[in-house]
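We name chains A, B, ... by the order of the sequence lines, and we start the count at 1 in each one.
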Amino acid sequence: MRLLLRIFPLVLIVVGATLLFERPAYAYADPGTGLLAIQAVGSALVAGGWYLRRKIYSLFHRDSAAKVETERLAIPEDSEG
Amino acid sequence: MEMTFRDPAGQLLLTRDDALRRVRAAAAEEARAFLDSALRRDLERSGDLVASEFVDVGVESANDPASDAGDFWLRHPRIDPISYPWEWTPAQWCTAAELTLRVACKAIDAGWTLKDATPLNVLFDGPRPIFVDVLSFERRDPHSSVWLAYGQFVRTFLLPLVAAKYLSWPLEATLFARDGYEPAALYRALPRWRRLSPALLDVVTLAALFEGKGAKPQKAKPATTHPDLAAHILRKRLARLGKQIRSTVGQENKSQWSRYVQTASHYQPADIEDKQQFVRDKLAECRPARVLDIGANTGTYSLMAAAAGAEVVALDSDAAALERLWRSAGGEKQPVTAMVANIARPTPAAGWRNREQLSLLDRLTGGFDMVLMLAVIHHLILREQLPLAHIGELCASLTRRWLILEWVPPSDPMYQEWLRGRDHLYGHLSERDLGEAFAPHFGVTGRKELGNGRVLLLFERNDSGAGTA
């Protein structure tokens, strides 16, 4: 539970940021409205999973937390959306 | 066919031997960058993208008031005949979708993206799909995790397949849906429990609900997603679309006609052997470069013609049978183009002013050295109620020289099955009537009667000017 309480605000921030700061929908092909929104939600879920995994990893590998932080841009192969 | 006009980046003009593409000045820099890129070379090398070469066009094109000094032209090899998505089997749709996703994935890895993703950007060169729109590529904002063509891919690839599988909306109906189906249309039509299935929850149910809430177009804001994360999200999105497509198309379909060869009780093994030997011999004698197989079924004779060195176009109105043909042609790497079409009710021209997509006959007329019409004529006479003279005229418009036709007499069990009490109209037709009706265009140069009473005839056009085969 403690773990959940610690990471929940972070997930909220990531999801909110992803939804707020996406690119505009200017395209030759009609991007749709509902389907564009689906992309934003999907992006948020994938991004949430990505950050969540790093956070969980750092909780159980405190010694290597600093190292993880420097490698924060590396994408886990098996992360899920 | 006129030049295409929807894409502001350029236009395509089909000529007899190739496809010419004008790239407009506004898109020239982006297009040149793509054409010079390693991505383009990689896609061409793998056979996923049509080849392109820079060309100078004649003065007549330069005089076009719509032209600009900054325009340039490309030439692509002509893929002939064009088959449109409404003439594909479900498995061909799946393969075309997978090609589009594969191209999109490679583009993302190389810093590019597809700006549109519709089945109309894919053609079948024999059994193999090929991506033909080189102007679909644009440089990707590395901070953006949005794929702007996602909506178009879902509407034009995924939702027609969903509608075909769960609602029995025929794929042929996409002729009337240039931009595919809206999620809301499928949401209304699908049963409630189906709306919640994992494969449809996002692209149908949630998308329809978001649309219903009146989502507004997003305003310009800086894209701030980290480049690695953005690429990761895009790859995940493409992977999910691939899973959704494959789970929708599912297993190979079956129909009455897809099992015709195995279940045909009106053929004894000796008859089949005689029939195949006759066709094989005539293919070897005539050596046609291009063959049209009407009523190709699962492709026994299409593949035979291809093995004899011909490029083959195989037509059948039964998608399940044709799908088996297409898989066989792909497996044997034979140049057979499979098209779901009924020669008696050929696919019409489509699009703006009926000039964007050609009718089936516009694409086929005069394009073949030989036409195969095996076990088809009784369908045309009894089910389509077509006079023999009209059938002869159609055949003469399709072939430049030869026609192999299987005459099915009224005594044949299949003929009797469809005669249905109309003996006074069709019960008297004979091989002699056929010969007389075809005589204005063809003469008979080969004949073989099978043990079951059917007759194989090799016709040659009267105006071919050569001796018999």
Side-chain angles (χ1 to χ4, degrees), chain A residues 7-58 64-81, chain B residues 6-9 114-118 135-136 138 141 143-156 179 182-184 187 202-237 239-240:
Chain A
I7 60 177
F8 188 66
L10 179 65
V11 172
L12 274 184
I13 291 166
V14 169
V15 170
T18 311
L19 286 169
L20 281 173
F21 297 112
E22 266 303 348
R23 284 273 291 171
Y26 298 139
Y28 154 56
D30 173 12
T33 48
L35 289 167
L36 195 60
I38 287 297
Q39 283 200 76
V41 173
S43 297
L45 291 172
V46 174
W50 194 52
Y51 281 109
L52 202 60
R53 277 171 187 270
R54 285 193 309 98
K55 197 71 187 171
I56 292 170
Y57 183 87
S58 66
S64 54
K67 185 183 172 190
V68 168
E69 189 58 28
T70 63
E71 295 173 349
R72 59 188 288 272
L73 301 181
I75 300 167
E77 286 296 318
D78 59 343
S79 61
E80 294 291 337
Chain B
R6 290 187 194 272
D7 187 352
L114 290 182
K115 68 179 184 182
D116 50 14
T118 155
L135 295 185
S136 285
E138 64 182 5
D141 177 351
H143 295 280
S144 175
S145 64
V146 168
W147 182 31
L148 287 175
Y150 173 83
Q152 191 182 37
F153 183 93
V154 171
R155 289 192 303 272
T156 60
D179 200 35
E182 290 290 341
Y187 180 80
D202 54 350
V203 293
V204 174
T205 305
L206 292 178
L209 292 176
F210 283 138
E211 280 173 19
K213 297 289 181 191
K216 293 173 185 169
Q218 297 175 20
K219 293 177 182 174
K221 289 172 187 167
T224 56
T225 311
H226 189 279
D228 289 350
L229 177 57
H232 176 63
I233 290 170
L234 288 168
R235 286 189 207 102
K236 283 286 180 191
R237 184 164 298 132
R240 173 155 174 78

What are the two closest non-hydrogen atoms of G34(A) and F210(B), and how far apart are they? CA-CB, 3.8 Å
Side-chain contact, heavy-atom cut-off 4.5 Å: S43(A) with R237(B)? yes
Mind checking side-chain contact (heavy atoms from CB on, under 4.5 Å) for A117(B) and listing every partner two or more places apart, or none if nothing turns up? T100(B), W147(B), A149(B), F153(B)
Within a strict 4.5 Å, meaning less than it, do heavy atoms of the I233(B) and W50(A) side chains meet? no
Taken in chain and number order and not counting sequence neighbours, the residues that satisfy ring pair (Phe, Tyr, Trp, His ring centres under 6.0 Å) with Y150(B) are none
Over all atoms of both residues, closest heavy-atom pair of H232(B) and V46(A): CD2-CG1, 3.6 Å
Rounded distance [0.5 Å steps], CG in L35(A) versus CG in D202(B): 8.5 Å
Please round to the nearest 0.5 Å and tell me the distance separating atom OG1 of T156(B) and atom CG of D30(A). 11.0 Å
